[in-house]
Amino acid sequence: LFQKDEFFVLILGLDNAGKTTYLEQTKTKFNKGYKGMNLAKITTTVGLNIGKIDLGKTRLNFWDLGGQEELQSLWDKYYAESHAIIYVVDSSDRERIEESKAAFDKMIVNSSLHGVPLMVLANKQDLEGCLSVEDIKHVFNPIPEVVGDRDCKTAGVSALRGDGVCDGINWLAECIK
Ligand code: GDP
């Protein structure tokens, strides 16, 4: 029997950041023949979306958790089981950047996530006037002094168009292995 190495990846971020769209796009790109939801019809996560992809011998299981304030308190129930974090930011929503940063700050210091690879996604880069990847990097500042000793990457993506999705997932898979 072909045994897979199984890993668990959390997809976190505020509601409306694009987590569900990102997960659907990831499944579409990596799972041959997967017919996803109509991306334009996706609505915000309430509860949990799950998905999995296989990269050779590696299986990544994704948990996309709801981002509303009352659901953020559930995030840490999943930390102990997680091998990587994807933190999705809506680069077009300047008004909620500080709110997103506050949720991020609370998450990243949790000891259960010590050393776990982190990818911050500056999502919605297709929208005009959005914050750039550099802007997002500046705000979230994923340097060791702030986020501890872990593999970190900040990447610009458009979950809706699928831009940048494959590169990020491949990077994460390399870090986990
Ligand atoms: P979630 O609450 O974090 O799961 O966010 P959703 O995936 O439900 O997305 C929230 C809204 O943002 C939806 O209307 C999506 O179509 C839209 N959205 C998500 N990603 C992108 C993107 O990359 N570009 C644009 N323009 N819209 C996006």
Side-chain angles (χ1 to χ4, degrees), residues 8-31 34-53 60-79 81-82 84-108 110 113 116-140 142 152-172:
F8 292 88
V9 179
L10 279 184
I11 304 178
L12 302 174
L14 297 185
D15 52 291
N16 207 50
K19 299 180 295 298
T20 311
T21 307
Y22 180 80
L23 178 56
E24 276 305 302
Q25 193 67 258
T26 299
K27 290 196 277 187
T28 304
K29 294 229 181 254
F30 286 89
N31 293 343
Y34 176 74
K35 299 242 187 314
M37 304 185 223
N38 181 346
L39 290 184
K41 289 195 177 149
I42 284 173
T43 51
T44 199
T45 313
V46 178
L48 173 69
N49 292 314
I50 57 171
K52 62 170 186 266
I53 63 169
L60 299 183
N61 296 284
F62 295 94
W63 292 329
D64 157 25
L65 304 184
Q68 288 92 335
E69 209 174 346
E70 61 276 20
L71 297 176
Q72 285 175 26
S73 59
L74 299 174
W75 289 2
D76 62 6
K77 309 277 183 286
Y78 295 84
Y79 291 167
E81 314 293 332
S82 304
I85 304 289
I86 297 175
Y87 194 85
V88 184
V89 181
D90 180 348
S91 314
S92 73
D93 194 349
R94 290 165 189 266
E95 293 187 350
R96 295 187 75 195
I97 281 294
E98 286 308 319
E99 184 187 346
S100 180
K101 177 64 160 71
F104 174 86
D105 283 349
K106 203 170 157 204
M107 177 271 296
I108 205 66
N110 192 292
L113 292 175
V116 169
L118 165 74
M119 181 162 70
V120 175
L121 296 180
N123 190 30
K124 309 198 187 182
Q125 287 296 307
D126 59 286
L127 293 177
E128 212 160 309
C130 70
L131 294 166
S132 69
V133 182
E134 284 309 311
D135 293 335
I136 297 296
K137 210 183 256 181
H138 187 73
V139 173
F140 286 80
C152 286
K153 180 187 178 78
T154 307
V157 296
S158 168
L160 196 60
R161 291 187 182 172
D163 302 336
V165 170
C166 290
D167 286 354
I169 295 294
N170 286 326
W171 177 83
L172 208 64

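Whatever order the structure lists them in is the order used to number ligands and atoms, beginning at 1. Note that these values count all heavy atoms, side chains included, but never hydrogens, waters or copies made by symmetry. Residues take their numbers from the sequence shown, with the count starting at 1.
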Would you check whether [X] has a nitrogen or oxygen atom less than 3.5 angstrom from a nitrogen or oxygen atom of ligand 1?
X: Ala159; result: yes
X: Gln125; result: no
X: Arg161; result: no
X: Asn16; result: yes
X: Lys124; result: yes

- Task: Compare every heavy atom of Gln125 with every heavy atom of Leu131, then report the nearest pair and how far apart it is.
- Result: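 Closest heavy-atom pair between Leu131 and Gln125: O-NE2, 3.0 Å.
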
- Does even one non-hydrogen atom of Leu14 get within less than 4.0 Å of ligand 1?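 For ligand 1, residue contact (heavy atoms, under 4.0 Å) with Leu14 is present.
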
- Measuring from the heavy atoms of Ala17, does anything fall under 4.0 Å of ligand 1?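 Contact check Ala17 vs ligand 1: positive.
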
- Criterion salt bridge (charged side-chain N to carboxylate O under 4.0 Å, His left out) on Glu134 and Lys137, from CA distance to verdict: CA-CA 5 Å; Glu134 284 309 311; Lys137 210 183 256 181; 3.7 Å; yes

- Query: Does Lys101 NZ have over 12 foreign heavy atoms under 6.0 Å away?
  - Reply: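 More than 12 within 6.0 Å, yes.
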
- So does Ile50 have more than 12 non-hydrogen atoms from other groups sitting under 6.0 Å from CD1?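 At most 12 heavy atoms, drawn from other residues, nucleotides or ligands, come within 6.0 Å of this atom.
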
- Residues that Glu69 engages under side-chain contact (heavy atoms from CB on, under 4.5 Å), provided they are two or more places apart: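 Residues passing side-chain contact (heavy atoms from CB on, under 4.5 Å) with Glu69: none at all.
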
- Those atoms of ligand 1 less than 4.0 Å from some heavy atom in Asp15: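 In order of numbering, the contacting atoms are 2 (O).
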
- Task: Taking only heavy atoms of Thr21 into account, list the atoms of ligand 1 that are under 4.0 Å away from them.
- Result: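 Listed by number with element, the hits are 6 (P), 7 (O), 9 (O), 15 (C), 19 (C).
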
- Plane angle bin for Phe140 and Tyr87 - parallel if under 30°, tilted between 30 and 60°, otherwise perpendicular: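 Tilted: the ring planes of Tyr87 and Phe140 meet at 30° to 60°.
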
- Please report the C-alpha distance between Arg96 and Asp15 in whole Å, then the side-chain angles of each, then the deciding distance to 0.1 Å, and finally whether the salt bridge (charged side-chain N to carboxylate O under 4.0 Å, His left out) criterion is met. CA-CA 10 Å; Arg96 295 187 75 195; Asp15 52 291; 3.0 Å; yes

- Task: Quick one: look at Asp126 and ligand 1, take heavy-atom pairs under 4.0 Å, and tell me if it's side chain, backbone, both or neither.
- Result: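 Near ligand 1, Asp126 shows its side chain, while the N, CA, C and O stay back.
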
- Message: Does only the side chain of Leu127 get under 4.0 Å from ligand 1, or the backbone, or both, or neither? Count heavy atoms.
- Response: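 Leu127 to ligand 1: side-chain contact only, backbone stays beyond 4.0 Å.
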
- Message: For Ser158, give me all partners under side-chain hydrogen bond (donor to acceptor under 3.5 Å, both in side chains), at least two apart in sequence or on another chain.
- Response: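 For Ser158, the residues satisfying side-chain hydrogen bond (donor to acceptor under 3.5 Å, both in side chains) (neighbours in sequence not counted) are Asp126.
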
